[in-house]
Amino acid sequence: MSPAAAFRAVRRGVTSDTSVVVGVMLLQNVLRIVSSVILTRLLNAEAFAIVGIITSVMVTFALISDVGIIAFIVRHEKGIDRDFRDEVWTLKLVRGIALSILVAILAGPIAQFMEKPELQWPIAVAGLTSLIDGLGSMAPFNALRARRVKMMSSIDVGSQIVGLVISIICALIFRSFWAIILSTLLGQLLSVGVSYWLYPDSSQRFRFSKARAAELWQFSRFITGSTMLTLLITQGDKLVLARAFPLDMMGIYIIAAGLAVAPIGLVTAYAGRVLYPLYAEIFRESPEALRTKFYSVRMPQTLFYMFAAGGFIGCAHLVITLLYDPRYAGAAMYLQILSISTFFAAGNYAANEVMIAIGNTRFTFVTNLARLGYLAIVGWIAWSQLGPVGIVWAVGTVEFAAQVIAWIALRRHGFLNVSRELLFILVGLTGIAIGYSGEQAIMALFNIR
C-alpha cells in the first residue's frame, strides 16, 4: 500500500461514524469528570445528595411517560415527512406540558414522602425541564435517522462546554444545590435553541393527530411498559437509599453513581447513534444480512470497551483518590461495585438495538422485567444480610441478569455467537487484572493510600 493510500485509510478510520462517536463520548466524559471535580470543590456533599434525589424524581416522571419517540421517528418510513414530524412534535410538546404541570402539583406530597419538605420548590422548578424538552425541534432526530453523526457530535460537544461554563458560574454565585438546578435549566434552554438554529429544516407547527397518537402508542406500548420497569430499576436504589443514608453519605453515593454511568453514556451513544440506525437500515434493505453483520460491525469497538470497562473496575480506588479530596474517599467502594454493571452494558445495548430494529420491541420489556426480578430478590437478600450496602451490590450486578436474557433472545433469533461472547468477557477480565495491578503499582510508587 502506498503512503498516500495508507493515509487515506487512516483518515477514513479516524473520521468514521464509530470513531467520531467514541471520541466525542470520551471527550464528553472528560468534561463531565472535570465538571464533577470542580463542583465538588465549590459545593458540599449534601448539595449533590439533594440534586440526586430531585433528579430521580424527574427521571421517574420522564420514564413513566416515555413513548419511544426517537425510535419511532428513526424506524418509521415517513420519518422525513413534514406533516408526520409536526404531528409527532405536537405529541412530544403535549407530553412535556402535562409532565411539568403534574410535577408542580405533586412536588409537595413528594417532598413530604421523602421526609424532606424543603425540597418542594426545587422539585417544582426542576419540573420545567419537561416543558423545555417538549419545545425542542424534531430536526436532531431526523439527523440521527440520516446518520449525520459528525454534525450531531460537534453540536453536542459545543453545548456541553457551554453548559460546563454555566454550571461553574452558577456554583460560584449560589454555592448551593440551586446552582446545579438552574444550570441544568439554562443548559436545556440552550439545547432547544440549538435544535432550531444549527439543524436544517428545523421549524415545527402544532398539528395534533389522533391517528398518529394511536400509531405511536401501538409502536411503543411495550417500550412504555419497559420504561416503567426501568424507572424502578434505575431509580429505586436512590429512592431507598435517600431514606437510609444521611445526606452526606447519599452525596458520596451520587458522586460514585455519576462516575459509574460514564461508560454507559459511551455505550448508549454508540448504540443509539451508530448501531441502531445501521441495524435498521440493514434490516430494511436485506433482513438476512443482519445476522452476519450483528457482530462484525461492532467487534473492535466492543473489545476496546470491554477492556476499558474492566480496567476502570480494577483501578476505581485510584480514580477517586486522584480526582477528589478526602471527603469523598468513601465513593471508591461504591464506584467499584456499581461499575460491574457497566461491564455487561455493551452486549446488552447491542442486543436491545438489534431486537428493536427487527421489530421485537417486547425484548426491552422482558429484559427490564428480568432486571426488576433480580433487584427484588437479590436486593432483599443483600439488604437483610448487608444493610444498605447490599442494595448497592444488587444494583451493581443487575446487568448480568439482563445479559442472560440477551443471550437467550439472540440465540432464538439466530444472532448468538458463543465464541465471540466469551472473547468479550475474557478481554474484560484481562482489563480488570491490568487495571488493578496498575493501581497497586502506582499507589505503592507514590505512597498513595
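None of the values given here were measured: they were computed from a predicted structure.
S195 contributes a side-chain N or O that, together with a main-chain N or O of V192, makes up a donor-acceptor pair within less than 3.5 Å. Remark: side-chain polar atoms of S191 are paired, donor with acceptor, to backbone N or O of G187 under 3.5 angstrom. E439 places a side-chain N or O within donor-acceptor distance of the main-chain N or O of L318, the cut-off being under 3.5 Å. No donor-acceptor pair under 3.5 Å is formed between the side chain of S339 and the backbone N or O of Q336. Side-chain N or O atoms of T40 include one that pairs as donor or acceptor with a backbone N or O of V37 at under 3.5 Å. Looking at Y253, its side chain never comes within 3.5 Å of a backbone N or O of A331 through a donor-acceptor pair. Within the 3.5 Å criterion, the main-chain N or O of D133 finds a donor-acceptor partner in the side chain of K92. Using modelled atom types, one side-chain atom of N348 and one backbone atom of E399 make a donor-acceptor pair closer than 3.5 Å. At least one donor-acceptor pair closer than 3.5 Å links the side chain of S341 to the backbone N or O of G396. No side-chain donor-acceptor contact under 3.5 Å links W89 to the backbone of F84.
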For this session: Take V418 and L422 through the test side-chain contact (heavy atoms from CB on, under 4.5 Å) and record every step on the way to the result.
Result: CA-CA 6 Å; V418 176; L422 291 176; 4.0 Å; yes

(request) Output, in order, the C-alpha distance, side-chain angles, deciding distance and verdict of side-chain hydrogen bond (donor to acceptor under 3.5 Å, both in side chains) for T302 and Y295. (result) CA-CA 9 Å; T302 304; Y295 286 100; over 6 Å; no

Does the pair M333 and V389 meet the rule for a side-chain contact (heavy atoms from CB on, under 4.5 Å), with working shown?
-> CA-CA 10 Å; M333 178 186 69; V389 74; 3.9 Å; yes

Requested in this report: Walk me through it: do M299 and L423 pass the test side-chain contact (heavy atoms from CB on, under 4.5 Å)?
Outcome: CA-CA 10 Å; M299 196 69 186; L423 176 61; 3.6 Å; yes

Please determine whether side-chain contact (heavy atoms from CB on, under 4.5 Å) holds for the pair V125 and L185, giving the CA-CA distance in whole Å, both sets of side-chain angles, and the decisive distance to 0.1 Å. CA-CA 9 Å; V125 172; L185 291 174; 3.7 Å; yes

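When all heavy atoms are compared, the tightest approach of T342 to A309 is O-CB, 4.3 Å. A pairwise comparison of heavy atoms in I320 and A332 identifies CG1-CA, 3.6 Å as the closest pair. Contact between I264 and Y305 at its shortest, heavy atoms only, is N-OH, 4.5 Å. The shortest heavy-atom contact between L335 and A260 is CD1-N, 3.7 Å. Here the shortest heavy-atom pairing between Y196 and L135 reads OH-O, 2.7 Å. When all heavy atoms of A346 and V267 are compared, the closest pair comes out as CA-CG1, 3.9 Å.
Sparse packing is recorded around OH of Y436, with 12 or fewer heavy atoms of other residues, nucleotides or ligands lying under 6.0 Å away.
Interatomic distance, CG of L303 versus CG of L426, reported as 10.0 Å (0.5 Å rounding). Distance check: L189 CG to I166 CD1 gives 9.0 Å after rounding to the nearest 0.5 Å. For the atom pair CG (L278) and CD1 (I282), the distance works out to 4.0 Å, reported to the nearest 0.5 Å. Taken from CG in L182 to OG in S167, the straight-line distance is 11.5 Å, to the nearest 0.5 Å. Between S36 atom OG and L31 atom CG the span is 12.5 Å, to the nearest 0.5 Å. Atom CG of L186 is separated from atom CD1 of I169 by 10.0 Å, given to the nearest 0.5 angstrom.
Residues F363 and I358 have side chains not in contact (no heavy-atom distance under 4.5 Å, counting atoms from C-beta outward). For the pair T397/Y374, a side-chain contact is recorded, criterion being any heavy-atom separation below 4.5 Å from C-beta on. I97 places a side-chain heavy atom less than 4.5 Å from the side chain of L93. Annotation: side chain of M306 is in contact with side chain of F343 (closest heavy-atom distance under 4.5 Å). When side chains are defined from C-beta on, I50 does not count as touching M250, because their heavy atoms never get closer than 4.5 Å. With a 4.5 Å cut-off on side-chain heavy atoms, L372 and N368 do not count as touching.
Less than 6.0 angstrom separates the ring centroid of F294 from the ring centroid of Y279.
F48 pairs by the ring pair (Phe, Tyr, Trp, His ring centres under 6.0 Å) definition with nothing, not counting sequence neighbours. Take R207 and apply the salt bridge (charged side-chain N to carboxylate O under 4.0 Å, His left out) test, not counting sequence neighbours, and it matches D83, E87. By the salt bridge (charged side-chain N to carboxylate O under 4.0 Å, His left out) test, D86 pairs with R82, R205, sequence neighbours left out. For A382, there are no side chain to side chain contact (heavy atoms under 4.5 Å, CB included) partners at least two apart in sequence or on another chain.
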Side-chain polar contacts of residues 400-414 - donor-acceptor pairs under 3.5 angstrom, sequence neighbours left out - could you list them?
unit_1: W407; atom_1: NE1; unit_2: E421; atom_2: OE1; d: 3.0

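Applying the salt bridge (Lys or Arg N to Asp or Glu O under 4.0 Å) test to pairs two or more places apart or on separate chains, those with a residue in residues 286-298 are E288-R291.
Paired with W393 under the rule side-chain contact (heavy atoms from CB on, under 4.5 Å), one option of I381, V398, I340 passes, and it is I340.
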